[in-house]
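Beneath this line is the structure, given in structure tokens, with notes to follow.
Scope of the values below: all heavy atoms of this structure, side chains included, with no hydrogens, waters or symmetry mates. A note on names: the letters A, B, ... follow the listed sequences, proteins ahead of strands, and every chain is numbered from 1.
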2 protein chains.
Amino acid sequence: MKLLKNKKRREVLESSLQQARKDPGSTKAKILMVARRIFGDYGFHGTTTRMIAREVGIDVSTLYYHWGEKGDLYEAVVLDINQDLRKKLIELEGKIRGFPLGKRMEIAIDVMVDYLFSHPEITSVILSRYFLKTRCKTDQNIQLPEYISNIAFSMELSKNRKKVPARSKMQVLAILNAIYTFVSGAEFFQASLGIERGEYVSLVKETLRFVLIPAFDKPTSDARGKREEK
Amino acid sequence: MKLLKNKKRREVLESSLQQARKDPGSTKAKILMVARRIFGDYGFHGTTTRMIAREVGIDVSTLYYHWGEKGDLYEAVVLDINQDLRKKLIELEGKIRGFPLGKRMEIAIDVMVDYLFSHPEITSVILSRYFLKTRCKTDQNIQLPEYISNIAFSMELSKNRKKVPARSKMQVLAILNAIYTFVSGAEFFQASLGIERGEYVSLVKETLRFVLIPAFDKPTSDARGKREEK
DNA sequence: CTCCTTCTCCATCATTTGTTGGAAATAATA
DNA sequence: TATTATTTCCAACAAATGATGGAGAAGGAG
């Protein structure tokens, strides 16, 4: 019964989301957009429905009319963000096809860092979902999005697209999280390093290339071989 | 005037902290311990003073008696955590002295991952401070702890211990954040990978070694040389 | 114009949350 | 022991917060 209700709720939510994505000018869509940003900035508990409503320029009850409980809106935000990310990654996969792994990573870092910096709420929401508990029963499905596996496959870390070993997923996570933290922490790091935004962004790219590429760009290197068959 | 007040507040806070650290059995210290955990789990806004008090087994007003406002307690937690981390890193520096860089990193990963897994609130608090805003005027000094520079120096990423270039700090941050996310995200990642805790911990270490060491373990490699003088 | 659906706002409620005053208990000091 | 300082709890408050019911607007269909 409870499961049924949950399923129903999910369906309603998905159709709401679809609706919002179809008409980006609608109030529903505007709420979603603002909610993404504010949930990203302040986290679930740091965000109040009134903050979102005020920013959109509507009454809170209108917000509730469109999205139901706060937890539902948050869930919609998470779903929405994952869809965006998925789309972007598919687009990226097309761009890097054919290049050797090192070059592919270079392009991927460049494209993804630019994209995420222009939508910083994506990384913040993902990160805070990874490791902040929520007092309410939002009870989200703790599950890694499927694109993790796709990346692993497209990086040749797995033979089988459907059955990707945990080790490979972890490697992908290491890469993604490195990017995420630099994007979400931009304000903090930038301020404490005392540098401008442009400089920070290019420094992020440089650092990511420096740290991440060597591990994957040496298919014949002893380091990789050793660890792979361990 | 406001600055003076802030300074005063900081002094009071530091002495409170010292007091708590001296007598770990005191109520003050117990509050701090519990506060670390709960702030780590739920973030600043997700944590209520009542949650902390209940867990300690005292009334909220006792909590306020010892630590003042919620924001002050949070600040104490951050300070406390940074002190712990600093101590641990100094200890670590002794252990790795003399080894070549690759080996040093291997040891450092092993030691730090074990330590942080046994105090997961450390990484959570640090991360959520990096990229979550807070609605109140906690107004914390946005500043990277000094041990970032120390690590950079001890990894030979900088000639001068006092003047570490931003590039080197970023590299250290990449390393630390990779570790932090795996520790703080343990519950999430473990569950979605469907593995046991022990397995997860060793997989974290393996992944970190695989991803992080190659970049630093090749002082003569073209990759490093190229990027260094860019 | 009238009916009906969709949407928006105002007013309001019950809880939760941060915070405090003051009474009691406990410990320290004389 | 008497007195004073420290610590703890109870009760309470104001503000903030999640959430709702119902009265109207807006707009299209007949």
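What separates OH of Y42(A) from P of dT17(D) is a distance of 12 Å, to the nearest Å. Distance OH (Y65(B)) to P (dT8(D)): 7 Å, rounded to an integer number of Å. Protein atom CD of E69(A) is 12 Å distant from nucleotide atom C1' of dT20(D), rounded to whole Å. Rounding to whole angstrom units, CD1 of residue I52(A) and C1' of dT17(D) are separated by 12 Å. Between the P atom of dG18(D) and the CG atom of L73(A) lies a distance of 11 Å, rounded to the nearest Å. Atom OH of Y64(B) is separated from atom C1' of dC13(D) by 13 Å (rounded to the nearest Å). Computed from coordinates, the D59(B) CG to dG22(C) C1' distance equals 13 Å when rounded to whole Å. One interatomic measurement links the two molecules: CG of L63(B) to P of dC10(D), which rounds to 15 Å at whole-angstrom precision.
Checking dC9(C), dA16(D), dT7(D) against every side-chain atom of T62(A), the shortest atom distance belongs to dC9(C). Taking every side-chain heavy atom of R135(A) into account, dT17(C) is the closest of dT17(D), dT17(C), dG18(D). Looking at the side chain of K70(A), the nearest of the listed nucleotides dC7(C), dG21(C), dG18(D) is dG18(D).
When each of L73(B), I52(B), D41(B) is paired with T47(B), the side chain to side chain contact (heavy atoms under 4.5 Å, CB included) condition holds for I52(B) and for no other.
Look at H45(B) and you won't find any side-chain N or O under 4.0 angstrom from OP1 or OP2 of dT17(C). Proximity of H66(B) to the phosphate of dT8(D): a side-chain N or O atom is located under 4.0 Å from OP1 or OP2.
For S184(A) and T123(A), the side-chain atoms include at least one donor-acceptor pair closer than 3.5 Å. At a cut-off of 3.5 Å, with distance as the only test, no side-chain donor of N177(A) or Y130(A) sits close to an acceptor on the other residue.
Counting all heavy atoms, side chain and backbone alike, A29(B) lies closest to A20(B) at CB-O, 3.3 Å.
By the 4.0 Å N-to-carboxylate-O rule, R161(A) lies close enough to E93(A) to be salt-bridged with it.
Using a 4.0 Å heavy-atom criterion, one finds that S61(A) contacts the bases of the nucleic acid, with or without backbone contacts as well. T48(A) comes within 4.0 angstrom of the backbone, heavy atoms only, and of no base. Residue T47(B) is classed as a sugar-phosphate contact, given heavy-atom separations below 4.0 Å to backbone atoms only.
Checking R50(A) against R54(B), the closest nucleotide of DNA chain C that is more toward the 5' end is the one next to R50(A).
Remark: the T27(A) side chain and the dC7(C) base include no donor-acceptor N/O pair separated by less than 3.5 Å.
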